[in-house]
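Data block below; observations after.
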2 protein chains.
Amino acid sequence: MSQLPEQPAGTSVPTSADVARLAGVSRATVSYVLNNNTTVRISESTRVRVREAAADLGYVPHAAARSLRAGHTRMVLLPAAPTPAGRPHERFFTGLEADLRRLDYTVVRYGSVGLGADEAARAWAELRPVAVVSPSGITLTPKGIGVLTRSGAKAVITLGPQPVDGAHALVMDQEEIGGCAVRHLLSRGRRRIGVVIPQEPGLAPYAAPRLAGAVRAVEESSSGARVQPLPLRFDEASAQDLAGRWRGLGVDAVFAYDDEYAMLLMRALQDARVAIPAETAVIGAGDLMLCRLLRPRLSSVRTELATAQPLAEMIDRLVQNPGGAPERHDLLRAAAVGREST
Amino acid sequence: MSQLPEQPAGTSVPTSADVARLAGVSRATVSYVLNNNTTVRISESTRVRVREAAADLGYVPHAAARSLRAGHTRMVLLPAAPTPAGRPHERFFTGLEADLRRLDYTVVRYGSVGLGADEAARAWAELRPVAVVSPSGITLTPKGIGVLTRSGAKAVITLGPQPVDGAHALVMDQEEIGGCAVRHLLSRGRRRIGVVIPQEPGLAPYAAPRLAGAVRAVEESSSGARVQPLPLRFDEASAQDLAGRWRGLGVDAVFAYDDEYAMLLMRALQDARVAIPAETAVIGAGDLMLCRLLRPRLSSVRTELATAQPLAEMIDRLVQNPGGAPERHDLLRAAAVGREST
DNA sequence: TTGAAAGCGCTACCAT
DNA sequence: ATGGTAGCGCTTTCAA
């Protein structure tokens, strides 16, 4: 048995002292090496040993300790104004924030523009959050989850179209949206169904499962219907191009990804004299106000985000009682709303 | 007094030790009092003295030190996914974030839902940011600015329709938007001009100056035109109600606050058989995609946000060289885009 | 009822 | 080239 006091294996967060001990150097040296301090000369062999020790332990520096020592931060605060008339997404986060504040948490929205998944996880870990709610758009890897939990996060929750292994998941089941849209179109007697695939890169994690759900709904219907993916950029030229080729595509209905793409496409189709819904039915998703303002009124898949309250309570529960098996909850209820466009 | 809220070299950020010294007690007592620790009994007179000392010094606890000592945080991290197809506002902030990260700053979007202006400023100050960029929606008061600078913020910058005394300001001149809209309508020969006033509370800081700009443009035109404010909520019922009273209002043009309100109102007017633009001209603001998708195509005031790059550089400059006179920069360039609706 | 002091993790100064 | 160590601001235990 080692004579050194044993660290409770999983529970304690490694510090620079741990790295120093493992590398057989002082904490000062660790600091010099890891910060690439150039005013001090450290032998290459020591550098390597320190870096390896840090990597072995999964060491992540503690931002609070660092800035306490430094006497200042490099933090630029961007207070987020509550958005009264925001998108459903924004309203959800604003509500979550309020609920968590009520439970005495400090809510920080941390930007990670231009960072890769694991870089981002590391940057988050430096802040030592007690909980992380990661939206899609940043794909949290199992490795990233490890970094976060090892740095003290009690609850790591992914929030997006698909769950991630090893984290709790709030799933917004995008497949169901595609499924709802297609079942609605099938019920209207349509059989050759186009599905818009937005070409904006950030939307892929949503677009792919919506298409998959559409395909599955067709297969399960045994109707002999078929699905045709339709790439579309969010600009008029792309929409006009698609509309110009419309009759050649031979589709009698289209699920346009969401309401805004639907509006764009519908206008282009109308300009190309494609009758809606006679010739082609159109359905969007999101059930925004604009559905009711367009003519014909736009059918849509209403997606109801559960209120944030249960999520706030779930976070609180996981923080107080961490370590259970990953939970998975569905957060999205989808239902088609038929209007004049289908 | 209303000069620069400077941070002279000798005056540093007050700590609990300073409070203790001023109150003539120990740091422990300060901690007990300010945290309302109930396990320890402190005389009422001491409590009062401590609180007064804290208030006198403008003491704000240091969140990093607190969580370092506690060994854990109550921080819930809400990583903000980059929004590729977001609103101009969001894209601006995302760009700012990337630019600042490149300058090696840590960008944190801090929510303050349900907090008053000075409460919020205090909460921000606890994080000891080196710079704060405060959007409208949270009205930063001179007092709040003082709290922030005294806690070490080198650059406090307001970002919104109006500058705030004592802080640097990036002004998004909302009056100019109203002015542009009205001058455009006047040039189209309209003389009785309605101006939509959204009833959503968060929009007041924008709505009021847009109206003011509209009024001023009319006055300066010496055209004998008049302006009529038109309250409107963002729902169909409110729009239908307004449209139903339309002919009694005697307006021949309307500046509809922004494109989305314009879309809502235009639909209601069309449903009420008000001819656009023959009977009433409509202009929005924002020049969103939907302007080109509506029929008639919606005229709009294009508002060009300067890119975030200069702001990031300004922040960096102020951090490195703080204490100058408040700067003021205009961030918005507005120009009317005439389409079929006017 | 209050105070003295330890120590959270880190970096920078001053020794070797 | 590397180590010892002080101290950032705070809370909390123990002692007075």
Side-chain angles (χ1 to χ4, degrees), chain A residues 7 11-50 53-54 57-75 106 125-128 130 150-152, chain B residues 12-50 53-54 57-75 106 125-128 130 150-152:
Chain A
Q7 306 245 2
T11 49
S12 76
V13 182
T15 71
S16 73
D18 296 320
V19 177
R21 204 173 305 126
L22 181 58
V25 299
S26 73
R27 278 156 52 225
T29 304
V30 171
S31 174
Y32 294 142
V33 171
L34 296 185
N35 293 316
N36 292 313
N37 189 322
T38 49
T39 68
V40 161
R41 300 170 68 81
I42 306 276
S43 70
E44 191 54 33
S45 67
T46 304
R47 304 195 100 91
V48 171
R49 247 183 317 135
V50 168
L57 292 173
Y59 168 73
V60 174
H62 193 307
R66 175 178 282 168
S67 58
L68 186 60
R69 164 68 220 213
H72 63 261
T73 67
R74 294 280 292 175
M75 180 194 303
T106 302
E126 291 190 4
L127 300 176
R128 297 289 192 278
V130 73
R150 241 176 293 119
S151 76
Chain B
S12 61
V13 183
T15 72
S16 73
D18 296 320
V19 177
R21 205 172 307 123
L22 181 58
V25 299
S26 74
R27 277 152 63 220
T29 305
V30 171
S31 174
Y32 293 142
V33 171
L34 296 185
N35 293 314
N36 292 314
N37 190 322
T38 50
T39 67
V40 169
R41 300 172 67 80
I42 306 276
S43 69
E44 190 54 32
S45 66
T46 304
R47 305 194 99 90
V48 171
R49 243 179 324 131
V50 168
L57 293 173
Y59 169 72
V60 174
H62 192 309
R66 174 179 281 167
S67 58
L68 186 60
R69 163 70 219 213
H72 63 261
T73 68
R74 294 281 290 173
M75 181 194 303
T106 304
E126 291 192 5
L127 300 176
R128 296 289 191 276
V130 72
R150 239 176 292 121
S151 77

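Quick note on labels: first sequence line is chain A, next is B, and so on, each numbered from 1.
Proximity of a side-chain donor or acceptor of R47(A) to a complementary backbone N or O of I42(A) within less than 3.5 Å is detected. In terms of modelled atom types and a separation under 3.5 Å, the side chain of T73(A) and the main chain of S67(A) share no donor-acceptor contact.
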Interface polar pairs with nucleotides 14-16 of chain C, N/O, under 3.5 angstrom:
none

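Separating the CG atom of L68(A) from the P atom of dC8(C) is a distance of 13 Å, rounded to the nearest angstrom. For D18(A) and dG9(C), the CG to C1' distance is 11 Å, given to the nearest whole Å. Rounded to whole Å, the distance from CZ on R21(A) to P on dG3(D) is 14 Å. Separating the NE2 atom of H62(B) from the C1' atom of dG7(D) is a distance of 13 Å, rounded to the nearest angstrom. Residue E126(A) contributes atom CD, which lies 15 Å from atom P of dG9(C) at whole-angstrom precision. As a whole-Å value, the separation of N36(A) CG from dT11(C) P is 12 Å. For R27(A) and dG9(C), the CZ to P distance is 10 Å, given to the nearest whole Å. Per the geometry, CG belonging to L34(B) stands 16 Å off P belonging to dG9(D), to the nearest Å.
What you find for S16(B) and R27(B) is that their closest heavy atoms are OG-CG, 3.9 Å.
For the pair V19(B)/L57(B), a side-chain contact is recorded, criterion being any heavy-atom separation below 4.5 Å from C-beta on. H62(B) places a side-chain heavy atom less than 4.5 Å from the side chain of L68(A). V13(A) places a side-chain heavy atom less than 4.5 Å from the side chain of R128(A).
Of the side-chain N and O atoms in T46(B), one or more sit less than 4.0 angstrom from OP1 or OP2 of dT2(C). Side-chain N/O atoms of T15(A) include none lying less than 4.0 angstrom from OP1 or OP2 on dG9(C). Between dC10(D) and S16(B), a contact under 4.0 Å exists linking OP1 or OP2 to a side-chain N or O. Between N35(A) and dT11(C) there is a side-chain N or O to OP1 or OP2 distance below 4.0 Å.
The side chain of R66(A) lies closest to dC10(C), out of dC10(C), dG4(D), dT12(D). Taking the side chain of A65(B) as heavy atoms from C-beta on, and the options dG3(C), dG4(D), dC10(D), the nearest nucleotide is dC10(D). With dG3(C), dT2(D), dC10(D) as the choices, the nucleotide that has an atom nearest any side-chain atom of A28(B) turns out to be dG3(C). When the nucleotides dG3(D), dT11(C), dG3(C) are ranked by their closest atom to the side chain of V25(B), dG3(C) comes out on top.
Along DNA chain D, the nucleotide nearest to T29(B) and the one nearest to A64(B) differ in position, and the one closer to the 5' end is contacted by A64(B). Toward the 5' end of DNA chain C, the nearer of the two residues R69(B) and S43(B), judged by each one's closest nucleotide, is S43(B). Comparing R41(B) and A70(B) against DNA chain C, the residue whose closest nucleotide sits nearer the 5' end is R41(B).
Legend: residues meeting side chain to side chain donor-acceptor pair (under 3.5 Å) with T29(B), ordered by chain and number and at least two apart, are S26(B). With sequence neighbours excluded, the residues forming a side-chain contact (heavy atoms from CB on, under 4.5 Å) with A125(A) are V60(A), V147(A), L148(A), S151(A), listed by chain and number. Partners of R21(B) by salt bridge (Lys or Arg N to Asp or Glu O under 4.0 Å), not counting sequence neighbours, listed by chain and number: D18(B). Applying the side chain to side chain donor-acceptor pair (under 3.5 Å) criterion to T38(B), with sequence neighbours excluded, gives no partner residue.
For the helix from dT1(C)-dA16(D) to dT16(C)-dA1(D), the rotation axes defined at the first and last 5 base pairs enclose an angle of 50°, given to the nearest 10°.
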